[in-house]
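Letters A, B, ... are given to chains in the order of the sequence lines, protein chains preceding strands, and every chain is numbered from 1. Here the structure is a predicted model, which is why all the values come from computation and not from measurement.
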There are 2 protein chains.
Amino acid sequence: MSEAGARDTAAEVDAARGRQAARRVPGAFVAGRVLRPSTKVLPEHARGHNRALVLQTLFTAGQQSRADVARRTGLTRVTVSDLVGELIAEGLIVETGQRDGSRPGKPATLLDIGRTAFQVLGIDLSDHSAFRGAVLDLTGTILERAEVPLAGRVGDDALATVFELADELVSLSTRPILGLGVGSPGVVDPDGVVLEAPNLGWADLPLRSLLAERVGRPVVVANDANAAILAEHSFGNAEGDMMLVKVGHGVGAGLLLGGSLLSGGRFAAGEIGHVVVGTDGGEECSCGKSGCLETWLAAPRLEARIRRAPGQREAILREAGRRLGIVLAPIVGALDLSELILSGPPALLDGTLAEATRETVRERTMAEFSGDLVLRMTTLGDDIVLRGAAVMVISAELGVS
Amino acid sequence: MSEAGARDTAAEVDAARGRQAARRVPGAFVAGRVLRPSTKVLPEHARGHNRALVLQTLFTAGQQSRADVARRTGLTRVTVSDLVGELIAEGLIVETGQRDGSRPGKPATLLDIGRTAFQVLGIDLSDHSAFRGAVLDLTGTILERAEVPLAGRVGDDALATVFELADELVSLSTRPILGLGVGSPGVVDPDGVVLEAPNLGWADLPLRSLLAERVGRPVVVANDANAAILAEHSFGNAEGDMMLVKVGHGVGAGLLLGGSLLSGGRFAAGEIGHVVVGTDGGEECSCGKSGCLETWLAAPRLEARIRRAPGQREAILREAGRRLGIVLAPIVGALDLSELILSGPPALLDGTLAEATRETVRERTMAEFSGDLVLRMTTLGDDIVLRGAAVMVISAELGVS
DNA sequence: CGGAGTTCGTAAGGTTGACTTACAAACATG
DNA sequence: CATGTTTGTAAGTCAACCTTACGAACTCCG
């Protein structure tokens, strides 16, 4: 068949296919992603999506009129009005009066998230000394705090302590509870089962369902570093692909790629603490290997090393930063990360260590050319996991992050 | 407010929210992913999705009746019948007679992908000596091949060579052309602009739109390693998260995470060739650094090294494999990868090198515990990019991969 | 100061798409 | 041969978004 022949035939078939081009699955190969459709989609799913879209728009832009939202989302004013009506009835959106300033036309009625309609509970299990909790509003502002010392409890005792903290948070709340979010150390599956958390002596603990039964509200449980990076994403106005490294008793990370949290095939994504760094041995690790990243970077190890040789403080921190950079460089290169965030004790991380990591990653990747690799401390301090836990709930219940 | 009070109020609100629970955005926090809704969804998008779902079902399961598809997808028989009717009219599905074997009830009419309705063109620009192309059917079977020697051409000459190859493929096709897919070396943005491909002397070349104009049909352009991993995903029945390392003149990789291709913030995901390995120097690289992975692993470098010391062949390959393992270990740990695939000259990769990589990754990660890390050669040989290019077209045009 | 133009929000009716219900066709079984 | 099962289609319902149209409320300008 001639070239022209093939083309004509194709054009004819296109015509025969009628509207199919316009109907093409949106995003089938958008932004380099291939979607493999796996579940049916019904019209009501579209409704849910558009509901979340309206909420999301108000979350990020805030103080918008129905017409503004319509323009921003591409939905018609009529549809937005309908969705907003539904959301107002649920208390998730409130009218906040008319827009001031003089413009032609009927004045716009401004809308905002109904901050007081619900409260969210967040729990952070990642600290070695205490379980910490908070009551937050729908915008992620912390309203109340609670804390229960851990005192070395593990296993069922630790679980009882979580229950205790959850109960206290429920009693501290003054509005209907949208849900409870928990950031836990260890490996957590999508159903909120803590597959393993050695520090707490947990294995295959169905924490989500246990807590859901206890508080009678939706519960989301995820890894603490994953919660942290969600917080950074939502509140730290960080865009695009990024990785958050959380240094504490151990070392873990959360990865946000293309706006999606990476969970990993065995739900262990971000578990970089036991990756071996360098080929020159290193301290023995609790996992049995030598030279794991944790042996270089975990806070207790660093503190012990500095205690032994106070004069070497800067050198110790620089070496720790360099080791972190060596582990991160292949990851930054492979994932084309534009932003690395550190979370943990600022006294250890902020300064020499961060600088050494930044330099090492730059030296060992192409980042020196693209030049825009950012490595910085989190802006959310110690509340990062708490606020991330709240984000998970808001995201799960309202489809908004 | 008391605990009980908060709970009751929440329950009341839940009741007031009516069907909202059932309406919740599906997958808002499913599988550890947070969706940030960004575009509106209309009922016709659902239609497109369900169309693709039916096609996908026939792709993977093949030879099914309408009722089978309905059961598999969760859609009703009526809806499936309607969608199938549309797809038959377009030639994308054909009836292949009745199911044999005796069962109660009306015999089922079997359906299958209309393999002959369209043909797909694939082009592989990753080989250093020639551009290769093929005509494929909708199932990814290669029907015709074409090849144009490259003879060192770069820049506009190389582009003209691509045009030449594309024209030849069009003339070789005997059916309407669904589209043309291209796997190119270098960094390619989602719109098919080759941002940089040093080997071909291309920078900011809008290859997709140029080719679309030339062949008058949809064109998809992506990085060669990304095309390769899509092929492996579609034809190599590889599930879940995986990474494909492509060794040739350079070293690149493609990453498939949670079923999605990773593109990276600057569309440079998988560019691990210029990550530095180890802290002991290494050969100088074209990029200006020393000890880049490419200097250890690129085929020309390996061949030259073996030529210089034929007796050291095994040691050279083992060291190359070890270096690759050192780079991959942090990536495997961070992404919780379960499968690593090598693509390139089997004489170099398959055997000692792969074994050394496998061992090194195991030694340096937690993989020894989970134990199910697979590292293997691709099963698709030299056609991997060609077939991946076809997958991109089928995915983009039909929403099926 | 009043008409024209603009913008906002809502009402009414149309279109799309999947669902439920119902039914004819074609087969196996007792 | 009657009964039960499975397939595929026809008819009508429901959900959700769209287009069109309109009143309300404001600015601008002659």
Would you say a side-chain N or O of A:Thr76 is under 4.0 Å from OP1 or OP2 of D:dC17?
no
Determine yes or no for a side-chain-to-main-chain donor-acceptor pair under 3.5 angstrom, with A:Thr79 supplying the side chain and A:Leu75 the backbone.
no
Between A:Ser81 and C:dC8, does any side-chain N or O lie under 4.0 Å from OP1 or OP2?
no
Provide, to the nearest angstrom, the distance between the CG atom belonging to A:Leu75 and the P atom belonging to D:dA15.
20 Å
Name the nucleic acid region contacted by A:Asn50, choosing base, sugar-phosphate or nothing; use a 4.0 angstrom heavy-atom cut-off, strictly under.
sugar-phosphate
Report the residue (A:Ala108 or B:Gly105) whose heavy-atom-nearest nucleotide on DNA chain C is the more 5′ of the two.
A:Ala108
By the 4.0 Å heavy-atom rule, please label A:Arg99 as base, sugar-phosphate, or nothing.
nothing
How long is the line joining CD of B:Glu86 and P of C:dT16, in whole Å?
12 Å
Quick one: is C:dC19 close enough that its OP1 or OP2 comes under 4.0 Å of any side-chain N or O from B:Thr79?
yes
Is there a donor-acceptor pair closer than 3.5 Å between any side-chain N or O of A:Arg208 and the backbone N or O of A:Val221?
no
Given atom CG of A:Leu83 and atom C1' of D:dA16, what is their separation to the nearest angstrom?
9 Å
Remember a base hit wins even if backbone is also touched, and classify B:Arg77 as base, sugar-phosphate or nothing at under 4.0 Å, heavy atoms.
base
Of A:Pro104 and A:Val78, the one whose nearest nucleotide on DNA chain C sits closer to the 5' end is A:Pro104
Counting just side-chain N and O atoms, does A:Thr109 come under 4.0 Å of either OP1 or OP2 of C:dC8?
no
Whole angstroms only, please: what is the CZ-C1' distance between B:Arg66 and D:dT9?
10 Å
Side-chain donor-acceptor pair present, A:Gln119, A:Thr174, cut-off under 3.5 Å:
yes
May I ask you to evaluate whether B:Arg51 reaches the phosphate of C:dG17, defined as a side-chain N or O under 4.0 Å from OP1 or OP2?
no
Distance-only, no hydrogens or angles: does the A:His49 side chain make a donor-acceptor pair with backbone N or O of B:Thr39 under 3.5 Å?
yes
So, is A:Arg103 near the phosphate of D:dC28, with a side-chain N or O under 4.0 Å from OP1 or OP2?
no
Ignoring backbone atoms, test whether A:Arg47 places a side-chain nitrogen or oxygen under 4.0 Å from the OP1 or OP2 oxygen of D:dC17.
yes
Among C:dT7, D:dA16, D:dG8, which nucleotide sits nearest the side chain of A:Lys106?
C:dT7
Nearest-angstrom distance from the residue atom NE2 of A:His49 to P of D:dC17:
11 Å
Any base atoms under 4.0 Å from A:Val80, or only sugar-phosphate, or nothing? Heavy atoms, all strands.
nothing
Quick note, A:Ala67 side chain, CB onward, closest among C:dG17, D:dG8, C:dG9 is C:dG9
Are A:Arg47 and A:Asp82 ion-paired here, with the side-chain N under 4.0 Å from a carboxylate O?
yes
What's the CD-C1' distance between B:Gln64 and D:dG8, to the nearest Å?
16 Å
Could you tell me how far apart B:Glu44 (CD) and C:dT16 (P) are, to the nearest whole angstrom?
9 Å
Any B:Lys40 side-chain nitrogen or oxygen under 4.0 Å from OP1 or OP2 of D:dC18:
yes
Candidate nucleotides C:dT6, C:dC8, C:dA18, ranked by approach to the side chain of A:Ser65 - the nearest:
C:dC8
Grab the CG-C1' distance between B:Leu42 and D:dA15 for me, whole Å please.
14 Å
Distance alone, cut at 3.5 Å: any donor-acceptor contact between the side chains of B:Ser65 and B:Asp68?
yes
A:Asp68, nearest nucleotide to its side chain (from C:dA18, C:dC8, D:dG8):
C:dC8
